[in-house]
Structures are given as structure tokens and as C-alpha cells.
Amino acid sequence: MPTASVTFENISFVLMDIEGTISDVHFVKDVLFPYSARELRNFVAQNRTSPMVRACLKDAGQAKAQSTAAPSFDDETAILQLLEWIKLDVKHPALKTIQGLIWRKGFTENVFRAHLYPDVVSQWRQWQKQGLRLGIYSSGSVDAQKLFFEYSVEGNVLAMLEAHFDLAVGSKKETSSYAQIADQLQLPARQILFLSDIEAELDAAKNSGLQTSLVARAADAAFTDASRLSKHKTVHSLSDLRVAANPEVKKI
């Protein structure tokens, strides 16, 4: 069932989640996650001396050793922890970093292209004509986010996005994370509209002063049903959003 359009006033910046909001959740869970699990061992073997890979292995290995009360850990211990995190979709910075490195190979070798819903890019263009600025806040690393939009089914749309935020600013379910984003954007929180399919993320953003909208994609029955109980304005498509730009923003 289609939703009526919803209106937001005095917006300068539209901040968006990726998975389930502007991209099908199944692309991440059924394509990207399995690929990173399959490629993990080979990737580690080929990049074992990379400082970034070593840092990820150290963090994962220490976490595994602590959970099992082991006195030490090795690369295999770290790999097992990373595989477990992939299976459970744990939002750990070490996993998100190494997944982004692995996905680069898949994107650049044309193994897959990132899914975007058909309404996304056309709506971005409209918002930019209004002078609105656009950005992403995702648990995936900033590097992984940039790959996603550089190698999408709509082509390279990375340049349309001004800013990217990941777990470096904190959990998406913590109010302080959104306050930090507003500070970095140098905008009053009220001038930022945050779009997500996760109620707890929207709650945290709203508590920080951001305006919020639940994007409950009609193809996803679970989110569509949940949207009936949401405390946030709800849409099934970005085209259902009527966003009025802050009068001070410069129109294209």
C-alpha cells in the first residue's frame, strides 16, 4: 500500500543510511557478506603484511582470545573471529574495515555492482537542484561506502555525495554520534534530515535534534508492517519525501 507524501521544512543536509534505505538489504546480506566470507582467507594470505590488515587481525584476534580466555592468538584465531562476525553481522570496526578491502576486489573486477533503488539517484538530483547537500552514515567503513557508490548499478554516483560517516563517529544507535555529525557538518541539528529503516537509529538521531523519516520499503514486508507503529514520519520511497530547503541554501 503506497504511503502519502511527508513534508520536512528548513533542511540543509539529507543524511542517509544505505542498507534497507537506499539499497536492497538482500544485496548486502546475500552478495557482499558471502563474498567477504569466501575471500577472507585468500585475502589475508595475500595481504598479511599490510599494516591495515595486521591491525584488523590484531583487533579480531584479541576479541576472540578474550572471549575464550586464551592466553594468546594467531592469524587463524583472528580469521575465525572475523568469519563469526560476518555470520552474525556484528558492527565491529575491524570487520567493516577488512570487508571494505575485500569488496574492493569484487567491485573493481566487476564481480558485482552495488544495488540502488530506482528512486534514489533521480531524487538526489532533484534535491541537489534545490541546493540540498547529501551524505551517508553507515556501519560500513567510509572506504567501503565510496566503493559502493563508485561501482553502482547507476554508474559512478560518488560525486553526488558530499560527506561519509562510519563507526568512527560512534554507534548509529547512540545520540552522541549524530551530535558529532552535526558538529562536523557545521549545521544546526534541526537542519539535517536522517533517513533510515531502523527505528533505534532514528530514535537516536531525533534525540539529538535531527529531523527523521523511516524508509520502509514496500518490498520488505517486515519493515512495512513495523512502519505502522513507528514514531517517525514514514515513506516507502524517497520520492514520497517533500523536502523544503532552508532558505539560506544556494539553489543550483
Side-chain angles (χ1 to χ4, degrees), residues 17-19 23 25-116 135-153 155-174 176-177 180-181 184:
D17 170 49
I18 297 177
E19 182 183 345
S23 176
V25 63
H26 296 294
F27 173 72
V28 176
K29 294 190 181 301
D30 298 340
V31 178
L32 291 184
F33 281 11
Y35 181 81
S36 61
R38 290 195 306 270
E39 295 291 324
L40 180 61
R41 290 185 185 278
N42 285 337
F43 180 82
V44 169
Q46 294 169 8
N47 299 275
R48 199 178 299 274
T49 60
S50 162
M52 189 175 295
V53 171
R54 294 267 21 116
C56 292
L57 293 173
K58 179 181 178 181
D59 288 349
Q62 287 179 336
K64 186 68 173 179
Q66 289 171 2
S67 68
T68 58
S72 62
F73 66 90
D74 55 17
D75 285 357
E76 179 60 19
T77 302
I79 289 171
L80 290 174
Q81 180 65 83
L82 290 165
L83 289 171
E84 181 180 345
W85 284 343
I86 292 172
K87 183 178 180 180
L88 299 175
D89 188 15
V90 173
K91 313 297 186 185
H92 193 287
L95 173 62
K96 296 305 179 182
T97 297
I98 204 162
Q99 277 184 319
L101 296 172
I102 294 170
W103 291 337
R104 175 174 293 279
K105 179 176 182 290
F107 279 120
T108 57
E109 294 181 358
N110 205 29
V111 176
F112 39 68
R113 284 289 180 267
H115 172 268
L116 290 173
I136 300 295
Y137 181 25
S138 173
S139 59
S141 69
V142 167
D143 286 343
Q145 293 175 33
K146 291 181 177 180
L147 273 173
F148 192 98
F149 295 106
E150 186 177 357
Y151 295 94
S152 85
V153 292
N156 186 348
V157 296
L158 180 59
M160 300 183 74
L161 298 162
E162 174 184 323
H164 297 263
F165 302 96
D166 59 17
L167 296 178
V169 299
S171 167
K172 296 175 72 181
K173 296 180 181 180
E174 295 292 334
S176 58
S177 303
Q180 187 174 161
I181 288 173
Q184 290 189 27

Response to the item:
Closest heavy-atom pair, Leu116 versus Val153, reported as atoms and distance to 0.1 Å, is N-CG2, 3.6 Å
Fill in: Under 3.5 Å donor-acceptor, Thr97 side chain and Ala94 backbone
no
Fill in: Trace of the side-chain contact (heavy atoms from CB on, under 4.5 Å) decision for Ser23 with Phe148
CA-CA 10 Å; Ser23 176; Phe148 192 98; 3.4 Å; yes
Discussion item. When you compare the side chain of Phe165 with that of Gln184, does any pair of heavy atoms fall below 4.5 Å?
Written reply: yes
Worksheet item: Side chain of Asp74, backbone of Thr77: donor and acceptor closer than 3.5 Å?
Response: yes
Worksheet entry | For Gly100 against Ala144, the heavy-atom pair lying closest together | CA-CB, 3.7 Å
Response to the item:
So CG of Leu95 and SG of Cys56: to nearest 0.5 Å the spacing works out to 8.5 Å
Item to complete: Using a 4.5 Å cut-off on heavy atoms from C-beta on, say whether the side chain of Ile136 contacts that of Asp17.
Response: no
Practice prompt. Calculate, to the nearest 0.5 Å, the distance between atoms CE and OG belonging to Met52 and Ser141 respectively.
Written response: 8.5 Å
Worksheet entry | Basic-acidic side-chain contact under 4.0 Å: Lys105, Glu109 | yes
Discussion item. To the nearest 0.5 Å, what is the distance between OG on Ser138 and NE2 on His164?
Written reply: 10.5 Å
Worksheet entry | Lys173 NZ: over 12 foreign heavy atoms closer than 6.0 Å | no
Discussion item. Is the shortest side-chain heavy-atom distance between His26 and Lys29 below 4.5 Å?
Written reply: no
Practice prompt. Apply side-chain contact (heavy atoms from CB on, under 4.5 Å) to the pair Leu32 and Phe107, showing each step before the final yes or no.
Written response: CA-CA 10 Å; Leu32 291 184; Phe107 279 120; 4.2 Å; yes
Worksheet entry | For Ser36 against Ile86, the heavy-atom pair lying closest together | OG-CD1, 3.6 Å
Worksheet item: Can you name the closest pair of heavy atoms from Tyr137 and Lys172 and give their distance?
Response: O-NZ, 3.2 Å
Discussion item. Quick test of your reading of the model: are Lys96 and Asp89 salt-bridged, counting only N-O distances below 4.0 Å?
Written reply: yes
Discussion item. Counting C-beta onward and ignoring hydrogens, is there a side-chain heavy-atom pair between Tyr35 and Val111 closer than 4.5 Å?
Written reply: yes
Response to the item:
In this structure, CD of Gln99 is separated from NE2 of His92 (nearest 0.5 Å) by 12.5 Å
Worksheet item: Between the side chain of Glu39 and the main-chain N/O of Ile102, is any donor-acceptor distance below 3.5 Å?
Response: no
Discussion item. Ignoring hydrogens, what is the shortest heavy-atom contact between Gly170 and Ser177? Give both atom names and the distance.
Written reply: C-OG, 3.2 Å
Worksheet item: In Å and rounded to the nearest 0.5 Å, what is the NE2 to CD distance from His115 to Glu19?
Response: 12.5 Å
Fill in: More than 12 heavy atoms from other groups under 6.0 Å of CZ on Arg104
no
Worksheet item: Does any non-hydrogen side-chain atom of Asp30 lie less than 4.5 Å from one of Val25?
Response: no
Worksheet item: Would you say the side chain of Phe73 lies within less than 4.5 Å of the side chain of Leu57, judging by non-hydrogen atoms?
Response: no
Worksheet item: When you look at Asp166 and Ser139, which way does the side-chain contact (heavy atoms from CB on, under 4.5 Å) test go after all the steps?
Response: CA-CA 5 Å; Asp166 59 17; Ser139 59; over 6 Å; no
Worksheet item: So, Gln145 side chain and Gly140 main chain: donor-acceptor pair closer than 3.5 Å or not?
Response: yes
Worksheet entry | Minimum side-chain heavy-atom gap Thr49-Arg54 below 4.5 Å | no
Discussion item. On a heavy-atom basis, which atom in Asp75 and which in Arg48 lie closest, and how many Å separate them?
Written reply: OD2-NH1, 2.7 Å
Discussion item. Measuring only between side-chain heavy atoms, which start at C-beta, is Phe43 closer than 4.5 Å to Ile79?
Written reply: no
Practice prompt. Please report the C-alpha distance between Thr108 and Tyr151 in whole Å, then the side-chain angles of each, then the deciding distance to 0.1 Å, and finally whether the side-chain contact (heavy atoms from CB on, under 4.5 Å) criterion is met.
Written response: CA-CA 8 Å; Thr108 57; Tyr151 295 94; 3.5 Å; yes
